[in-house]
Amino acid sequence: MKSAGRTSKTVRCEQAKELFSDSVEHQLSTPLSLKLEQHLDQCEGCRQSYLTFERLWLDLSKMPTVAAPGNLLARVWRRVDEQAVARRRSWRPEMVWRGALAFSAAAALLLITMFSATHTEHAGLVPFAGLLRHTRSNAPVPNVQVELVSNRLETGPSGRVLVVGLRLVNTLVPERVNIYVRNQANLTMPPGDSPVWHGYLTSRSVTEIPLSVGEKAPNLIAVYVSWNAGGRLQSNTFLISTGSQ
Amino acid sequence: MPNRFQSPGDERSSVKGRNELDSEILQRCRQGDRDAFDQLFRRYQQSIYNFAYRLTGDADEASDITSDAFLRVFNAINTFRGDASFTTWLFRIVTNVFLDEKKRQRVRAHSSLDEYQSDVESGYERQVTDPSPTPSEIVESEERSELIQNAINQLPEYQRVMVVLFHIEGKSYEEISHIMQMPIGTVKSRLNRARLALREIMEPQKELFLP
Ligand SMILES: [Zn+2]
């Protein structure tokens, strides 16, 4: 008899506990609510449990917010950049250079200087493998390059149009670029004029961009493409011969 | 019934959507715009870090989980189609990073236990330290939130995620069902079990929790 009574009480206790959450959230029907109340009146253990349960619920909602560390975003960008470098290396094994990550700040600075200078190309990828560092996190930045895949001269309603086909190399991420056009080779940065075109290039497909080059196209056109990777200005210049007299 | 406070359930619906990412930033992120990602990360870093901290109870682990999760966001932003809200998607990523990390830690713990046993066999002895604080340490801290955090750390991982999402991050049952991809009924019953388990863990310190 005694053990049967204890068993039935234990069952009732467990049933009561099943109702705790709904009771705190006012989701119990009146009969169930009464049933729970009756049990709590008779059972000191469950009454204490209910009080601590309710208190715990309240305390959980008051847990303070823990401030994120200040370097968190720099860490994220470093991870992004490291991943990009790792991917680039696995794509182009011939471009792997050992110990690159251990470059001294001076060496990195030298490379950035070299990289910021424009490269003159008739077409194709600049054969340069340098190491850039992110301005915020100092993490390596992948050696993103712009590749000139195609170019042709067309005649539009307002003069000659040079259509260049451009594609990114060494990145999976689209990059926003600015394009400036010069009539002759110009190895300095473009002055503060506005770009003739700006938009996104990707590595997945070739973007064809029509560039207006005036009534009579000059013999030699410099197409200057610049973009910002990791807070650093990068650029490629393509010298395109139009074959005009 | 003793009800000394309002159920938080009522406030949840009004909170929903408040912190949503605007579509312009999202669109720019899809195009790989780093400035847009920077804005996105800045907007969510605090809530994600806090979520990760409450899941792990450890600052370093929380930083690791947050940066892992943002890396996944960066890589997978084009797979976000907007079927769920962005925050739901983001919290699902963080939850997965946390669960994956715990799985990895279990594998590692297993192999270090093997090492330990082989060390014992070869005559070396190493002390195995129990990371959970002693009862006296707990009482000394006298910090309720620390006690609760210690209790949360002892919950099984899935229960931990649910408790933190509901009670600390203020997510509704519906949002949790989207984040954890399980029916609302399952979320409710598992959360009830998790709360009871948490209360059981807190039982030795109950005098601190009674009014
Ligand atoms: Zn009882």
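By convention in this document, chain letters (A, B, ...) are assigned in the order of the sequence lines, proteins followed by strands, and residues within each chain are numbered from 1. Keep in mind the model is a prediction, meaning the values are calculated, not measured. As a basis for the values below, the full set of heavy atoms in this structure was taken, side chains included, without hydrogen atoms, waters or symmetry mates.
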Considering only heavy atoms from C-beta outward, does the side chain of [X] approach that of [Y] to under 4.5 Å?
X: B/Asn75; Y: A/Gln83; value: yes
X: A/Phe20; Y: B/Arg195; value: no
X: A/Glu54; Y: B/Arg199; value: no
X: A/Thr65; Y: B/Gln46; value: yes
X: A/Met63; Y: B/His167; value: no

For chain A, which residues of residues 53-62 of chain B have at least one non-hydrogen atom nearer than 4.5 Å to it?
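Checking residues 53-62 of chain B against chain A gives B/Tyr53, B/Arg54.
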
Tell me, yes or no, whether the heavy-atom count around B/Lys102 atom NZ, taken from other residues, nucleotides or ligands under 6.0 Å, exceeds 12.
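Count over threshold, so yes.
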
Could you check whether atom CZ of B/Arg190 has more than 12 heavy atoms from other residues, nucleotides or ligands sitting under 6.0 Å from it?
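For B/Arg190, atom CZ is not crowded (no more than 12 foreign heavy atoms under 6.0 Å).
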
Got a donor-acceptor contact below 3.5 angstrom from the B/Asn192 side chain to the A/Glu18 backbone?
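Yes; at least one donor-acceptor contact below 3.5 Å.
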
What's the spacing between B/Phe74 CZ and A/Trp77 CH2 if we round to 0.5 Å?
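Separation between the atoms: 5.5 Å.
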
Below 4.5 Å from any heavy atom of chain B, which atoms of [X] appear? Answer side chain, backbone, both or neither.
X: A/Gln27; value: neither
X: A/Tyr200; value: side chain
X: A/Ser49; value: both

Engaged part of B/Asn78 at the chain A interface, taking heavy atoms whose separation is under 4.5 Å
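Neither the backbone nor the side chain of B/Asn78 comes within 4.5 Å of chain A.
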
Atom group of B/Glu200 that falls short of 4.5 Å from chain A, counting heavy atoms:
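The answer is the side chain of B/Glu200.
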
Quick one: of A/Leu72, A/Val80, A/Val66, A/Val76, who has the most non-hydrogen atom pairs under 4.5 Å with chain B?
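Ranked by contacts with chain B, first place is A/Val66.
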
Under a 4.0 Å N-O cut-off, is there an ion pair linking A/Asp22 with B/Lys188?
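Salt bridge flag = no for B/Lys188 with A/Asp22.
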
When you check the gap from the basic side-chain N to the acidic O, do A/Asp81 and B/Arg34 get nearer than 4.0 Å?
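Between B/Arg34 and A/Asp81 there is a salt bridge, with a charged N closer than 4.0 Å to a carboxylate O.
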
Name the member of B/Leu196, B/Ile48, B/Asp33, B/Ile168 that forms the most heavy-atom pairs with chain A at distances under 4.5 Å.
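With the most close heavy-atom pairs to chain A, the winner is B/Leu196.
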
Identify the heavy atoms of [X] and [Y] that sit nearest to each other, and give their distance.
X: A/Leu60; Y: B/Ile148; answer: CD2-CG2, 3.5 Å
X: A/Arg75; Y: B/Ser67; answer: NE-OG, 4.0 Å
X: A/Leu73; Y: B/Gln45; answer: CG-OE1, 3.8 Å

Where do A/Arg55 and B/Arg144 land on the side chain to side chain contact (heavy atoms under 4.5 Å, CB included) test, with the steps shown first?
CA-CA 11 Å; A/Arg55 181 61 200 246; B/Arg144 262 208 184 89; 3.1 Å; yes

